[in-house]
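Each chain gets a letter, A, B and so on, in the order the sequences are listed, and its residues count up from 1.
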Amino acid sequence: MTKPPSAAQLAAIKALLFALCLVPFALYMQRWFDDALGANPIEAITRGSGDWTLRFLLITLAVTPLRKLTGLNWLLRLRRMLGLFAFFYASLHFTTYFWLDQFFDLQSIAHDIMKRPFITVGFSAFVLLIPLAVTSNNYAIRRLGGRRWQSLHRSVYAIGILAIVHYWWLVKADILEPMIYGLILAALLGMRGWWREQERRRQIAASMPRPMPGGKVIPLVAKSPRY
Amino acid sequence: AKLGPLARSPFSSDEPQTPYKSVTTYNNYYEFGTDKEDPAANAGKLAVRPWTVRVEGLAGKPRTFDIDELLKLAPLEERIYRLRCVEAWSMVIPWVGFPLSALLRQVDPQGSAKYVEFVTHYDPKIMLRRPVLDWPYTEGLRMDEAMHPLTLLTLGLYGEVLPNQNGAPVRVVVPWKYGFKSAKSIVAIRLVDKEPRTAWNKSAPSEYGFYSNVNPNVDHPRWSQATERRIGEFRKRPTLMFNGYAEQVASLYQGMDLRKSF
(Lines give C-alpha, C1' and ligand atoms only; values in the text may rest on other atoms or scores of the structure.)
Protein backbone atom coordinates (compact mmCIF):
# COMPACT_ATOMS: atom_id res chain seq x y z
CA MET A 1 0.00 0.00 0.00
CA THR A 2 1.20 3.51 -0.77
CA LYS A 3 2.47 5.54 2.11
CA PRO A 4 0.10 8.18 3.49
CA PRO A 5 1.17 11.77 2.79
CA SER A 6 3.31 13.52 5.38
CA ALA A 7 1.83 16.40 7.43
CA ALA A 8 3.41 18.92 5.06
CA GLN A 9 2.16 17.09 1.98
CA LEU A 10 -1.33 16.87 3.42
CA ALA A 11 -1.32 20.60 4.16
CA ALA A 12 -0.34 21.26 0.53
CA ILE A 13 -3.07 18.94 -0.75
CA LYS A 14 -5.60 20.71 1.42
CA ALA A 15 -4.53 24.15 0.22
CA LEU A 16 -4.80 23.02 -3.40
CA LEU A 17 -8.20 21.46 -2.81
CA PHE A 18 -9.42 24.63 -1.10
CA ALA A 19 -8.47 26.71 -4.13
CA LEU A 20 -10.04 24.17 -6.46
CA CYS A 21 -13.33 24.23 -4.54
CA LEU A 22 -13.49 28.03 -5.00
CA VAL A 23 -13.10 27.85 -8.78
CA PRO A 24 -16.85 27.55 -9.58
CA PHE A 25 -17.55 30.52 -7.29
CA ALA A 26 -14.81 32.59 -8.92
CA LEU A 27 -16.05 31.75 -12.42
CA TYR A 28 -19.60 32.75 -11.59
CA MET A 29 -18.40 36.00 -9.99
CA GLN A 30 -16.36 36.81 -13.07
CA ARG A 31 -19.29 36.07 -15.41
CA TRP A 32 -21.59 38.16 -13.20
CA PHE A 33 -19.32 41.20 -13.45
CA ASP A 34 -18.65 40.61 -17.17
CA ASP A 35 -22.42 40.42 -17.72
CA ALA A 36 -21.82 37.00 -19.28
CA LEU A 37 -24.55 35.04 -17.51
CA GLY A 38 -27.06 35.34 -20.32
CA ALA A 39 -30.46 37.02 -20.46
CA ASN A 40 -31.49 35.99 -16.94
CA PRO A 41 -28.42 36.22 -14.70
CA ILE A 42 -30.37 35.73 -11.46
CA GLU A 43 -31.71 32.43 -12.73
CA ALA A 44 -28.23 31.42 -13.90
CA ILE A 45 -26.73 32.14 -10.46
CA THR A 46 -29.56 30.31 -8.71
CA ARG A 47 -29.15 27.27 -10.94
CA GLY A 48 -25.34 27.35 -10.72
CA SER A 49 -25.17 27.58 -6.93
CA GLY A 50 -27.77 24.81 -6.64
CA ASP A 51 -25.86 22.57 -9.05
CA TRP A 52 -22.63 23.06 -7.11
CA THR A 53 -24.29 22.40 -3.76
CA LEU A 54 -25.51 19.07 -5.07
CA ARG A 55 -22.14 18.25 -6.61
CA PHE A 56 -20.28 18.99 -3.37
CA LEU A 57 -22.78 16.93 -1.39
CA LEU A 58 -22.12 13.99 -3.70
CA ILE A 59 -18.35 14.52 -3.64
CA THR A 60 -18.44 14.57 0.18
CA LEU A 61 -20.51 11.39 0.23
CA ALA A 62 -18.05 9.78 -2.18
CA VAL A 63 -15.11 10.08 0.24
CA THR A 64 -15.96 7.01 2.33
CA PRO A 65 -16.61 4.67 -0.62
CA LEU A 66 -13.46 5.97 -2.33
CA ARG A 67 -11.42 5.36 0.82
CA LYS A 68 -12.73 1.80 1.13
CA LEU A 69 -12.18 1.01 -2.52
CA THR A 70 -8.68 2.48 -2.75
CA GLY A 71 -7.44 1.89 0.78
CA LEU A 72 -6.30 5.54 0.88
CA ASN A 73 -7.45 6.23 4.43
CA TRP A 74 -6.04 9.76 4.48
CA LEU A 75 -8.79 10.84 2.06
CA LEU A 76 -10.97 11.06 5.15
CA ARG A 77 -8.91 14.06 6.21
CA LEU A 78 -10.34 16.03 3.25
CA ARG A 79 -13.96 15.29 3.97
CA ARG A 80 -14.65 18.11 6.39
CA MET A 81 -13.52 20.75 3.90
CA LEU A 82 -15.63 19.24 1.12
CA GLY A 83 -18.68 19.13 3.36
CA LEU A 84 -18.17 22.74 4.38
CA PHE A 85 -17.96 23.73 0.73
CA ALA A 86 -21.30 22.00 0.16
CA PHE A 87 -22.64 24.26 2.91
CA PHE A 88 -20.89 27.29 1.36
CA TYR A 89 -22.62 26.75 -2.01
CA ALA A 90 -25.92 25.95 -0.28
CA SER A 91 -25.67 29.29 1.55
CA LEU A 92 -25.01 31.08 -1.73
CA HIS A 93 -27.98 29.27 -3.27
CA PHE A 94 -30.22 30.33 -0.39
CA THR A 95 -28.89 33.90 -0.37
CA THR A 96 -29.49 34.21 -4.10
CA TYR A 97 -33.08 33.14 -3.60
CA PHE A 98 -33.57 35.31 -0.51
CA TRP A 99 -31.87 38.39 -1.88
CA LEU A 100 -31.66 38.49 -5.68
CA ASP A 101 -34.77 36.49 -6.50
CA GLN A 102 -37.23 37.45 -3.75
CA PHE A 103 -35.51 40.68 -2.65
CA PHE A 104 -36.11 40.08 1.08
CA ASP A 105 -39.86 39.82 0.56
CA LEU A 106 -40.40 37.83 3.76
CA GLN A 107 -44.09 37.35 3.14
CA SER A 108 -43.52 35.91 -0.30
CA ILE A 109 -40.67 33.72 1.00
CA ALA A 110 -42.79 32.36 3.87
CA HIS A 111 -45.58 31.69 1.38
CA ASP A 112 -43.17 29.85 -0.92
CA ILE A 113 -41.72 27.73 1.87
CA MET A 114 -45.14 26.69 3.07
CA LYS A 115 -46.94 26.28 -0.23
CA ARG A 116 -44.40 25.07 -2.75
CA PRO A 117 -43.22 21.56 -2.05
CA PHE A 118 -39.93 21.89 -3.92
CA ILE A 119 -39.03 25.00 -1.94
CA THR A 120 -40.18 23.38 1.32
CA VAL A 121 -37.91 20.43 0.64
CA GLY A 122 -34.96 22.56 -0.45
CA PHE A 123 -35.31 24.84 2.54
CA SER A 124 -35.47 21.83 4.91
CA ALA A 125 -32.30 20.44 3.39
CA PHE A 126 -30.56 23.78 3.93
CA VAL A 127 -31.74 24.07 7.55
CA LEU A 128 -30.59 20.51 8.26
CA LEU A 129 -27.15 21.34 6.89
CA ILE A 130 -26.64 24.13 9.44
CA PRO A 131 -26.03 21.90 12.52
CA LEU A 132 -23.61 19.81 10.48
CA ALA A 133 -21.65 22.89 9.45
CA VAL A 134 -21.66 24.22 13.02
CA THR A 135 -20.30 20.93 14.42
CA SER A 136 -17.63 20.50 11.75
CA ASN A 137 -14.74 21.09 14.14
CA ASN A 138 -12.71 19.07 16.61
CA TYR A 139 -14.16 20.90 19.58
CA ALA A 140 -17.70 19.80 18.65
CA ILE A 141 -16.57 16.20 18.13
CA ARG A 142 -15.02 16.15 21.60
CA ARG A 143 -18.01 17.88 23.13
CA LEU A 144 -20.58 15.57 21.52
CA GLY A 145 -18.56 12.40 21.70
CA GLY A 146 -17.69 10.46 18.54
CA ARG A 147 -20.79 8.28 18.53
CA ARG A 148 -23.30 11.11 18.89
CA TRP A 149 -21.39 13.29 16.46
CA GLN A 150 -21.45 10.50 13.92
CA SER A 151 -25.16 9.83 14.25
CA LEU A 152 -25.83 13.57 13.87
CA HIS A 153 -23.71 13.72 10.75
CA ARG A 154 -25.45 10.71 9.24
CA SER A 155 -28.38 13.08 8.59
CA VAL A 156 -26.39 14.09 5.50
CA TYR A 157 -27.84 10.97 3.82
CA ALA A 158 -31.35 12.39 4.28
CA ILE A 159 -30.13 15.84 3.19
CA GLY A 160 -28.78 14.30 -0.01
CA ILE A 161 -32.15 12.72 -0.73
CA LEU A 162 -34.00 15.99 0.02
CA ALA A 163 -31.67 17.84 -2.34
CA ILE A 164 -32.44 15.41 -5.17
CA VAL A 165 -36.20 15.67 -4.51
CA HIS A 166 -35.88 19.48 -4.50
CA TYR A 167 -34.24 19.39 -7.94
CA TRP A 168 -36.59 16.73 -9.32
CA TRP A 169 -39.71 18.68 -8.35
CA LEU A 170 -38.53 21.97 -9.79
CA VAL A 171 -37.80 20.85 -13.35
CA LYS A 172 -40.65 21.19 -15.81
CA ALA A 173 -40.45 18.07 -17.94
CA ASP A 174 -36.85 17.07 -18.55
CA ILE A 175 -35.87 14.97 -15.54
CA LEU A 176 -32.60 13.71 -17.07
CA GLU A 177 -30.26 15.78 -14.87
CA PRO A 178 -31.97 15.18 -11.51
CA MET A 179 -32.13 11.51 -12.46
CA ILE A 180 -28.37 11.36 -13.08
CA TYR A 181 -27.64 13.03 -9.73
CA GLY A 182 -30.20 10.74 -8.08
CA LEU A 183 -28.55 7.61 -9.49
CA ILE A 184 -25.13 8.73 -8.25
CA LEU A 185 -26.57 9.35 -4.77
CA ALA A 186 -28.32 5.97 -4.85
CA ALA A 187 -25.01 4.29 -5.73
CA LEU A 188 -23.14 6.12 -2.94
CA LEU A 189 -25.77 5.25 -0.34
CA GLY A 190 -26.24 1.74 -1.75
CA MET A 191 -22.55 0.95 -1.29
CA ARG A 192 -22.82 1.91 2.37
CA GLY A 193 -25.87 -0.30 2.79
CA TRP A 194 -24.12 -3.19 1.12
CA TRP A 195 -20.99 -2.85 3.27
CA ARG A 196 -23.05 -2.56 6.41
CA GLU A 197 -24.94 -5.74 5.53
CA GLN A 198 -21.66 -7.56 4.83
CA GLU A 199 -20.33 -6.39 8.18
CA ARG A 200 -23.49 -7.55 9.94
CA ARG A 201 -23.23 -11.00 8.38
CA ARG A 202 -19.56 -11.23 9.24
CA GLN A 203 -20.33 -10.42 12.89
CA ILE A 204 -23.15 -12.98 13.05
CA ALA A 205 -20.87 -15.58 11.52
CA ALA A 206 -18.16 -14.66 14.04
CA SER A 207 -20.54 -15.08 16.99
CA MET A 208 -21.74 -18.54 15.87
CA PRO A 209 -20.09 -21.53 17.66
CA ARG A 210 -17.75 -23.24 15.31
CA PRO A 211 -16.51 -26.84 15.53
CA MET A 212 -13.31 -27.07 17.55
CA PRO A 213 -10.29 -27.81 15.45
CA GLY A 214 -9.58 -31.50 15.67
CA GLY A 215 -12.85 -32.17 17.51
CA LYS A 216 -15.36 -34.69 16.41
CA VAL A 217 -18.53 -33.55 14.73
CA ILE A 218 -21.55 -35.14 16.35
CA PRO A 219 -24.60 -35.17 14.09
CA LEU A 220 -27.63 -33.84 15.91
CA VAL A 221 -30.05 -35.78 13.81
CA ALA A 222 -29.53 -39.51 13.74
CA LYS A 223 -29.38 -41.11 10.38
CA SER A 224 -32.43 -43.12 9.62
CA PRO A 225 -31.69 -46.78 9.93
CA ARG A 226 -31.30 -48.65 6.68
CA TYR A 227 -32.82 -52.05 6.22
CA ALA B 1 -33.66 39.00 -44.23
CA LYS B 2 -35.59 42.22 -43.75
CA LEU B 3 -39.37 42.19 -43.88
CA GLY B 4 -41.36 45.18 -44.92
CA PRO B 5 -42.97 47.55 -45.26
CA LEU B 6 -44.52 47.05 -41.84
CA ALA B 7 -47.80 48.62 -40.77
CA ARG B 8 -48.04 49.89 -37.21
CA SER B 9 -50.62 48.32 -34.94
CA PRO B 10 -52.81 49.90 -32.26
CA PHE B 11 -52.27 46.69 -30.27
CA SER B 12 -48.56 47.44 -29.85
CA SER B 13 -47.14 48.14 -26.42
CA ASP B 14 -44.90 51.18 -25.92
CA GLU B 15 -42.89 49.50 -23.14
CA PRO B 16 -39.13 49.19 -23.60
CA GLN B 17 -38.36 46.25 -25.88
CA THR B 18 -36.31 43.30 -24.69
CA PRO B 19 -32.91 43.42 -26.44
CA TYR B 20 -32.64 41.32 -29.62
CA LYS B 21 -29.83 39.33 -28.06
CA SER B 22 -31.98 38.23 -25.11
CA VAL B 23 -34.94 37.45 -27.35
CA THR B 24 -32.77 35.19 -29.50
CA THR B 25 -30.55 33.50 -26.89
CA TYR B 26 -33.00 32.79 -24.07
CA ASN B 27 -35.53 30.41 -25.55
CA ASN B 28 -37.77 27.52 -24.72
CA TYR B 29 -37.76 25.32 -27.80
CA TYR B 30 -37.39 21.88 -26.24
CA GLU B 31 -36.91 20.08 -29.57
CA PHE B 32 -33.50 21.78 -29.68
CA GLY B 33 -32.63 21.20 -26.02
CA THR B 34 -34.11 22.02 -22.64
CA ASP B 35 -31.62 24.65 -21.46
CA LYS B 36 -32.37 28.23 -22.42
CA GLU B 37 -29.20 28.60 -24.52
CA ASP B 38 -29.67 25.27 -26.35
CA PRO B 39 -32.06 26.44 -29.09
CA ALA B 40 -29.74 29.28 -30.17
CA ALA B 41 -26.88 26.77 -30.34
CA ASN B 42 -28.76 23.94 -32.08
CA ALA B 43 -31.60 25.36 -34.16
CA GLY B 44 -29.25 26.32 -37.00
CA LYS B 45 -29.75 22.79 -38.33
CA LEU B 46 -33.40 23.49 -39.09
CA ALA B 47 -34.00 23.94 -42.85
CA VAL B 48 -36.70 26.60 -43.13
CA ARG B 49 -36.99 26.44 -46.93
CA PRO B 50 -38.83 24.93 -48.63
CA TRP B 51 -41.67 25.05 -46.07
CA THR B 52 -45.37 24.52 -46.36
CA VAL B 53 -48.28 24.75 -43.94
CA ARG B 54 -51.32 22.52 -44.48
CA VAL B 55 -54.58 24.07 -43.34
CA GLU B 56 -57.01 21.17 -43.18
CA GLY B 57 -59.86 19.54 -41.32
CA LEU B 58 -63.33 21.02 -41.12
CA ALA B 59 -62.79 23.55 -43.90
CA GLY B 60 -64.65 24.21 -47.13
CA LYS B 61 -61.42 24.89 -49.02
CA PRO B 62 -58.55 23.10 -47.24
CA ARG B 63 -55.18 23.79 -48.85
CA THR B 64 -51.45 23.90 -48.40
CA PHE B 65 -49.68 27.26 -48.27
CA ASP B 66 -46.09 27.79 -49.26
CA ILE B 67 -44.06 30.02 -46.95
CA ASP B 68 -43.61 32.60 -49.73
CA GLU B 69 -47.36 32.68 -50.21
CA LEU B 70 -47.86 33.21 -46.47
CA LEU B 71 -45.48 36.15 -46.47
CA LYS B 72 -47.74 37.86 -49.05
CA LEU B 73 -51.12 36.69 -47.81
CA ALA B 74 -51.91 39.83 -45.81
CA PRO B 75 -50.22 43.14 -45.02
CA LEU B 76 -47.40 42.56 -42.51
CA GLU B 77 -47.69 44.44 -39.24
CA GLU B 78 -45.31 45.10 -36.43
CA ARG B 79 -46.91 43.98 -33.16
CA ILE B 80 -45.01 44.82 -30.00
CA TYR B 81 -46.39 42.32 -27.51
CA ARG B 82 -45.63 41.33 -23.94
CA LEU B 83 -44.65 37.66 -23.69
CA ARG B 84 -45.22 35.98 -20.35
CA CYS B 85 -43.66 32.56 -19.85
CA VAL B 86 -45.29 30.07 -17.48
CA GLU B 87 -41.87 30.01 -15.72
CA ALA B 88 -42.57 33.56 -14.44
CA TRP B 89 -40.31 35.58 -16.71
CA SER B 90 -41.43 37.97 -19.40
CA MET B 91 -40.22 39.96 -22.42
CA VAL B 92 -41.50 42.67 -24.77
CA ILE B 93 -41.00 41.58 -28.37
CA PRO B 94 -41.66 43.38 -31.67
CA TRP B 95 -43.16 40.54 -33.71
CA VAL B 96 -43.97 40.74 -37.42
CA GLY B 97 -47.02 39.04 -38.88
CA PHE B 98 -50.73 39.33 -39.52
CA PRO B 99 -53.84 38.07 -37.75
CA LEU B 100 -54.27 34.30 -37.91
CA SER B 101 -57.89 34.97 -38.85
CA ALA B 102 -56.71 36.20 -42.27
CA LEU B 103 -55.25 32.78 -42.98
CA LEU B 104 -58.17 30.82 -41.54
CA ARG B 105 -60.69 32.78 -43.64
CA GLN B 106 -58.85 31.60 -46.76
CA VAL B 107 -59.93 27.99 -46.14
CA ASP B 108 -63.56 28.72 -45.29
CA PRO B 109 -63.98 27.11 -41.85
CA GLN B 110 -67.14 25.06 -41.43
CA GLY B 111 -69.63 25.79 -38.66
CA SER B 112 -68.67 22.53 -36.95
CA ALA B 113 -65.04 23.70 -36.53
CA LYS B 114 -64.86 24.65 -32.84
CA TYR B 115 -61.14 24.39 -32.23
CA VAL B 116 -57.85 24.85 -34.04
CA GLU B 117 -54.95 22.45 -33.57
CA PHE B 118 -51.37 23.44 -34.43
CA VAL B 119 -48.95 20.70 -35.41
CA THR B 120 -45.30 21.64 -35.37
CA HIS B 121 -42.24 20.35 -37.17
CA TYR B 122 -40.45 17.35 -35.71
CA ASP B 123 -37.36 15.80 -37.23
CA PRO B 124 -35.59 13.30 -34.95
CA LYS B 125 -32.46 13.58 -37.11
CA ILE B 126 -31.81 17.13 -35.89
CA MET B 127 -34.01 17.38 -32.81
CA LEU B 128 -34.14 15.91 -29.32
CA ARG B 129 -35.02 12.21 -29.48
CA ARG B 130 -35.69 11.74 -25.76
CA PRO B 131 -39.45 11.83 -25.19
CA VAL B 132 -39.35 14.86 -22.88
CA LEU B 133 -42.69 15.82 -24.45
CA ASP B 134 -44.89 13.85 -26.82
CA TRP B 135 -43.37 14.86 -30.17
CA PRO B 136 -44.41 16.43 -32.43
CA TYR B 137 -45.35 19.34 -30.18
CA THR B 138 -48.98 20.25 -30.65
CA GLU B 139 -51.00 23.16 -29.36
CA GLY B 140 -54.54 24.38 -29.72
CA LEU B 141 -56.97 27.27 -29.40
CA ARG B 142 -60.71 27.61 -29.30
CA MET B 143 -62.02 28.93 -32.62
CA ASP B 144 -62.95 32.34 -31.17
CA GLU B 145 -59.45 32.64 -29.65
CA ALA B 146 -57.87 31.71 -32.97
CA MET B 147 -59.99 34.28 -34.80
CA HIS B 148 -59.28 37.02 -32.23
CA PRO B 149 -57.50 40.05 -33.77
CA LEU B 150 -54.65 39.77 -31.21
CA THR B 151 -53.75 36.22 -32.31
CA LEU B 152 -50.86 36.69 -34.68
CA LEU B 153 -49.56 34.42 -37.40
CA THR B 154 -45.95 35.39 -36.92
CA LEU B 155 -43.21 35.42 -39.55
CA GLY B 156 -40.60 37.70 -38.02
CA LEU B 157 -39.29 39.77 -35.12
CA TYR B 158 -37.34 43.02 -34.94
CA GLY B 159 -38.26 43.64 -38.59
CA GLU B 160 -36.55 40.48 -39.86
CA VAL B 161 -37.59 36.91 -40.58
CA LEU B 162 -37.82 34.72 -37.48
CA PRO B 163 -34.53 33.33 -36.23
CA ASN B 164 -34.76 29.51 -36.14
CA GLN B 165 -34.67 29.38 -32.33
CA ASN B 166 -37.74 31.62 -32.19
CA GLY B 167 -39.84 29.24 -34.26
CA ALA B 168 -38.91 29.92 -37.90
CA PRO B 169 -40.30 30.17 -40.43
CA VAL B 170 -43.83 30.54 -39.10
CA ARG B 171 -45.43 30.38 -35.66
CA VAL B 172 -48.36 31.80 -33.76
CA VAL B 173 -48.21 34.34 -30.95
CA VAL B 174 -51.09 34.48 -28.50
CA PRO B 175 -50.05 37.28 -26.15
CA TRP B 176 -52.61 36.79 -23.37
CA LYS B 177 -51.62 33.16 -22.82
CA TYR B 178 -48.46 31.61 -21.38
CA GLY B 179 -45.71 31.39 -23.97
CA PHE B 180 -45.96 27.65 -24.57
CA LYS B 181 -49.39 28.16 -26.20
CA SER B 182 -47.63 30.04 -29.02
CA ALA B 183 -46.53 27.07 -31.12
CA LYS B 184 -43.34 27.35 -33.17
CA SER B 185 -42.34 26.08 -36.63
CA ILE B 186 -45.89 25.14 -37.63
CA VAL B 187 -46.46 22.58 -40.41
CA ALA B 188 -50.19 22.00 -40.10
CA ILE B 189 -53.25 23.82 -38.78
CA ARG B 190 -56.28 21.58 -38.30
CA LEU B 191 -59.84 22.75 -37.81
CA VAL B 192 -61.50 20.27 -35.49
CA ASP B 193 -64.74 19.87 -33.54
CA LYS B 194 -63.24 18.66 -30.22
CA GLU B 195 -60.77 20.27 -27.85
CA PRO B 196 -57.39 18.98 -29.06
CA ARG B 197 -54.83 17.47 -26.65
CA THR B 198 -51.78 19.66 -26.30
CA ALA B 199 -48.15 18.68 -25.63
CA TRP B 200 -47.81 20.25 -22.18
CA ASN B 201 -51.26 19.17 -21.11
CA LYS B 202 -50.38 15.57 -21.99
CA SER B 203 -47.14 15.87 -20.05
CA ALA B 204 -48.70 17.25 -16.82
CA PRO B 205 -52.49 17.73 -17.01
CA SER B 206 -52.73 19.14 -13.48
CA GLU B 207 -50.13 21.83 -14.25
CA TYR B 208 -50.87 22.97 -17.81
CA GLY B 209 -54.49 23.37 -18.79
CA PHE B 210 -55.88 23.83 -22.29
CA TYR B 211 -56.57 27.52 -21.77
CA SER B 212 -53.38 28.56 -19.95
CA ASN B 213 -54.39 32.21 -19.88
CA VAL B 214 -51.92 34.40 -18.00
CA ASN B 215 -53.57 34.71 -14.60
CA PRO B 216 -51.83 36.09 -11.49
CA ASN B 217 -54.60 34.66 -9.29
CA VAL B 218 -54.19 31.03 -10.30
CA ASP B 219 -50.81 29.66 -9.29
CA HIS B 220 -48.96 26.93 -11.07
CA PRO B 221 -49.05 24.01 -8.59
CA ARG B 222 -45.30 24.39 -8.03
CA TRP B 223 -44.74 28.14 -8.17
CA SER B 224 -46.54 31.45 -7.88
CA GLN B 225 -47.82 33.26 -10.97
CA ALA B 226 -48.47 36.51 -9.07
CA THR B 227 -45.23 38.15 -10.18
CA GLU B 228 -42.75 37.88 -13.01
CA ARG B 229 -39.22 38.92 -13.83
CA ARG B 230 -39.04 41.03 -16.97
CA ILE B 231 -35.83 39.97 -18.67
CA GLY B 232 -33.26 42.73 -18.11
CA GLU B 233 -34.89 43.94 -14.89
CA PHE B 234 -33.71 43.16 -11.39
CA ARG B 235 -36.87 43.34 -9.32
CA LYS B 236 -39.97 41.30 -10.00
CA ARG B 237 -43.11 43.05 -11.20
CA PRO B 238 -46.74 42.09 -10.67
CA THR B 239 -48.27 39.92 -13.38
CA LEU B 240 -51.32 41.42 -15.08
CA MET B 241 -54.57 39.57 -15.74
CA PHE B 242 -54.51 38.15 -19.28
CA ASN B 243 -50.99 39.59 -19.47
CA GLY B 244 -52.46 43.10 -19.67
CA TYR B 245 -54.82 42.26 -22.56
CA ALA B 246 -57.95 41.90 -20.41
CA GLU B 247 -59.70 44.75 -22.21
CA GLN B 248 -59.44 42.86 -25.48
CA VAL B 249 -59.98 39.26 -24.39
CA ALA B 250 -61.79 39.04 -21.03
CA SER B 251 -65.15 38.79 -22.79
CA LEU B 252 -64.07 35.50 -24.40
CA TYR B 253 -64.18 33.85 -20.99
CA GLN B 254 -67.32 35.39 -19.55
CA GLY B 255 -69.11 32.97 -17.23
CA MET B 256 -66.16 30.57 -17.11
CA ASP B 257 -64.47 29.56 -13.87
CA LEU B 258 -60.85 30.32 -14.68
CA ARG B 259 -59.68 28.25 -11.72
CA LYS B 260 -61.23 25.16 -13.26
CA SER B 261 -60.54 26.13 -16.87
CA PHE B 262 -56.96 27.12 -16.16
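Looking at A:Leu100, both its backbone and its side chain come within 4.5 Å of chain B, counting heavy atoms on both sides. Heavy-atom distances place no part of B:Glu37 under 4.5 Å from chain A, backbone and side chain included. In this structure, the portion of B:Asn28 lying under 4.5 Å from any heavy atom of chain A is its side chain and not its backbone. The parts of A:Asp101 that come within reach of chain B are both its backbone and its side chain, each placing non-hydrogen atoms under 4.5 angstrom from that chain. Within the 4.5 angstrom heavy-atom criterion, no atom of B:Lys21 approaches chain A. Both the backbone and the side chain of B:Ser224 come within less than 4.5 Å of a heavy atom in chain A.
Within 6.0 Å of the CZ atom in B:Arg130, the count of heavy atoms belonging to other residues, nucleotides or ligands exceeds 12. For A:Glu199, the CD atom counts as densely surrounded, since its 6.0 Å shell holds more than 12 non-hydrogen atoms of other residues, nucleotides or ligands. Residue A:Arg154 places its CZ atom among more than 12 non-hydrogen atoms of other residues, nucleotides or ligands, all under 6.0 Å distant. The environment of CZ in A:Phe18 is sparse: at most 12 heavy-atom neighbours from other residues, nucleotides or ligands sit within 6.0 Å. Applying the 6.0 Å contact sphere to CZ of A:Arg77 captures no more than 12 heavy atoms from other residues, nucleotides or ligands. Other residues, nucleotides and ligands place more than 12 heavy atoms under 6.0 Å from the CZ atom of A:Phe104. The number of heavy-atom neighbours closer than 6.0 Å to CH2 of A:Trp194, taken from other residues, nucleotides and ligands shown, is 12 or below. By the 6.0 Å contact criterion, CG on A:Asp35 is open, its count of non-hydrogen atoms from other residues, nucleotides or ligands being 12 or less.
Looking at heavy atoms from C-beta onward, A:Glu177 lies out of side-chain contact with B:Thr34 at the 4.5 angstrom threshold. Side-chain contact between A:Lys172 and B:Val86 is present, with at least one heavy-atom pair separated by less than 4.5 Å. Under the 4.5 Å side-chain criterion, counting only non-hydrogen atoms from C-beta, B:Arg229 is in contact with A:Asn40. You'll find the side chain of B:Tyr26 reaches within 4.5 Å of the side chain of A:Glu43, heavy atoms only. For the pair A:Ile42/B:Phe234, a side-chain contact is recorded, criterion being any heavy-atom separation below 4.5 Å from C-beta on.
Here the closest non-hydrogen pair linking A:Pro117 and B:Pro221 is CD-O, 4.4 Å. A pairwise comparison of heavy atoms in B:Arg222 and A:Arg116 identifies O-CD, 3.2 Å as the closest pair.
Ranked by heavy-atom pairs under 4.5 Å with chain A, the first of B:Leu128, B:Leu133, B:Asp219, B:Thr18 is B:Asp219. The choice from B:Ile231, B:Val23, B:Thr227 that makes the most heavy-atom pairs within less than 4.5 Å of chain A is B:Ile231. Interface remark: of the candidates A:Asp105, A:Ile175, A:Ile119, A:Val171, A:Val171 forms the most heavy-atom pairs closer than 4.5 Å to chain B.
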